[in-house]
Participant: 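Let me begin by handing over the structure; questions about it come next.
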Amino acid sequence: MADDLSAVARFLYEAGTLKHTRRTGWWMAGVNDPESVAEHSWRTPLIASVIAKLEGADPARAAFLAVWHDTQETRTGDVNHLGKKYAPAGDPQAVTADQTAGMPDVLASAIRELVAEYEAQDSPEAVCARDADKLECMLQGIEYKAPGLREHAAVDRNSRAQIATETGRRPADELLGQGPLDWLRNALGEKA
């Protein structure tokens, strides 16, 4: 491994900007203070590991892929679906190549391979990670809807429709049938 880790240090600072990068699609849906990309990117790997375990795939690999799925947004921003109609987001693999330039080869190649696998969707773990991305978006929409914000039924349906695995669709249907505080009511022994 190279002794010079300055490119790694720069990337770690760069990754931190995702804590301040808001998900723009939620603004368009009427959410005044939407989650950050980092907040979305925390729950997505958790969901990916659950889906992968139930699918018989490698949960650690699925979670690892999900961790890296939006890291390119440090450079492209969070381009929502409408925005992509007019200005497509940068190629995730090209952005990742730029982000990892100068890093030790063992690290740079591993990150590039993860992003390429996620984008190609040619492994069960990559499919589980993408399903987790869609399921997390749907779950966030349900949570935004709960306190009386504008309805996000279209986001819920669109996210649900993009989930490929049966293991991803089943919890999606359960989430659509529950409220975000049902877990707390259940923990307290209350009936939903």
Participant: Relative to each other, are the rings of W68 and F11 parallel, tilted or perpendicular (30° and 60° limits)?
Facilitator: parallel
Participant: Honestly curious: do L5 and L12 fall in one hydrophobic cluster under the side-chain, below-4.5 Å linking rule?
Facilitator: yes
Participant: Would a 4.5 Å heavy-atom cut-off, applied to side chains only, mark C137 and W26 as touching?
Facilitator: yes
Participant: If I compare all heavy atoms of L107 with all of M103, which pair ends up nearest, and what's the gap?
Facilitator: CD2-SD, 3.9 Å
Participant: What's the verdict on salt bridge (charged side-chain N to carboxylate O under 4.0 Å, His left out) for R160 and D173, showing C-alpha distance, side-chain angles and the deciding distance?
Facilitator: CA-CA 8 Å; R160 167 60 174 85; D173 293 339; 2.7 Å; yes
Participant: Give the minimum heavy-atom separation between R169 and I163, together with the two atoms involved.
Facilitator: NH1-O, 3.4 Å
Participant: Can you tell which of V115, T76, T100, T71 makes a side-chain contact (heavy atoms from CB on, under 4.5 Å) with V95?
Facilitator: T76
Participant: Quick check: are there more than 12 heavy atoms from other residues, nucleotides or ligands sitting under 6.0 Å from NZ of K84?
Facilitator: yes
Participant: Which atom pair, heavy atoms only, marks the closest approach of A66 to A48?
Facilitator: CB-CB, 3.9 Å
Participant: State, without any angle test, whether Q93 and E119 hold a side-chain donor-acceptor pair at a distance under 3.5 Å.
Facilitator: no
Participant: Determine whether L54 and R170 satisfy the following criterion, side chain to side chain contact (heavy atoms under 4.5 Å, CB included), listing intermediate values before the conclusion.
Facilitator: CA-CA 11 Å; L54 294 173; R170 287 176 52 209; over 6 Å; no
Participant: Do you know which two heavy atoms are closest between A126 and L65, and how far apart they sit?
Facilitator: N-CD1, 3.6 Å
Participant: Scan residues 55-65 for pairs that pass salt bridge (Lys or Arg N to Asp or Glu O under 4.0 Å), counting only residues two or more places apart or in two chains.
Facilitator: R61-E117
Participant: Nearest 0.5 Å please: distance from the CD1 atom of I47 over to the NZ atom of K134.
Facilitator: 12.5 Å
Participant: Please check if the side chain of D131 supplies one atom and the backbone of T165 the other of a donor-acceptor pair under 3.5 Å.
Facilitator: yes
Participant: Hey, quick one: are I111 and V67 part of the same hydrophobic cluster, counting side-chain heavy atoms closer than 4.5 Å, chains of contacts allowed?
Facilitator: yes
Participant: May I ask whether L139 and I51 are part of the same hydrophobic cluster, defined by side-chain heavy atoms of I, L, V, M, F, W, Y residues being less than 4.5 angstrom apart, directly or through others?
Facilitator: yes
Participant: Taking the side chain as C-beta and beyond, is there a heavy-atom pair between R23 and E73 under 4.5 Å?
Facilitator: no
Participant: Can you pull the salt bridge (Lys or Arg N to Asp or Glu O under 4.0 Å) pairs that have at least one residue in residues 36-51, sequence neighbours excluded?
Facilitator: R22-E39, R43-E136, R43-E143
Participant: Between the side chains of T24 and N80, does any donor sit under 3.5 Å from an acceptor?
Facilitator: yes
Participant: I need the minimum non-hydrogen distance between A7 and A101, along with the two atoms involved.
Facilitator: CB-O, 3.8 Å
Participant: Are there over 12 heavy-atom neighbours, none belonging to D105, within less than 6.0 Å of that residue's CG?
Facilitator: no
Participant: Are F64 and E125 close enough that some pair of their side-chain heavy atoms sits under 4.5 Å apart?
Facilitator: no
Participant: CD/Q140 to CG/L135 distance, rounded to the nearest 0.5 angstrom?
Facilitator: 12.0 Å
Participant: Could you tell me if the side chain of L18 sits less than 4.5 Å from the side chain of D70, heavy atoms only?
Facilitator: no
Participant: Could you go through H69 and H40, starting from their C-alpha distance and side-chain angles, then the distance that decides it, and tell me whether this counts as side chain to side chain contact (heavy atoms under 4.5 Å, CB included)?
Facilitator: CA-CA 11 Å; H69 86 281; H40 163 74; 3.2 Å; yes
Participant: Do D133 and Y118 come close enough that some side-chain heavy atom pair is under 4.5 Å?
Facilitator: yes
Participant: Would the distance check show the side chain of T44 and the main-chain N or O of S41 forming a donor-acceptor pair, the cut-off being under 3.5 Å?
Facilitator: no
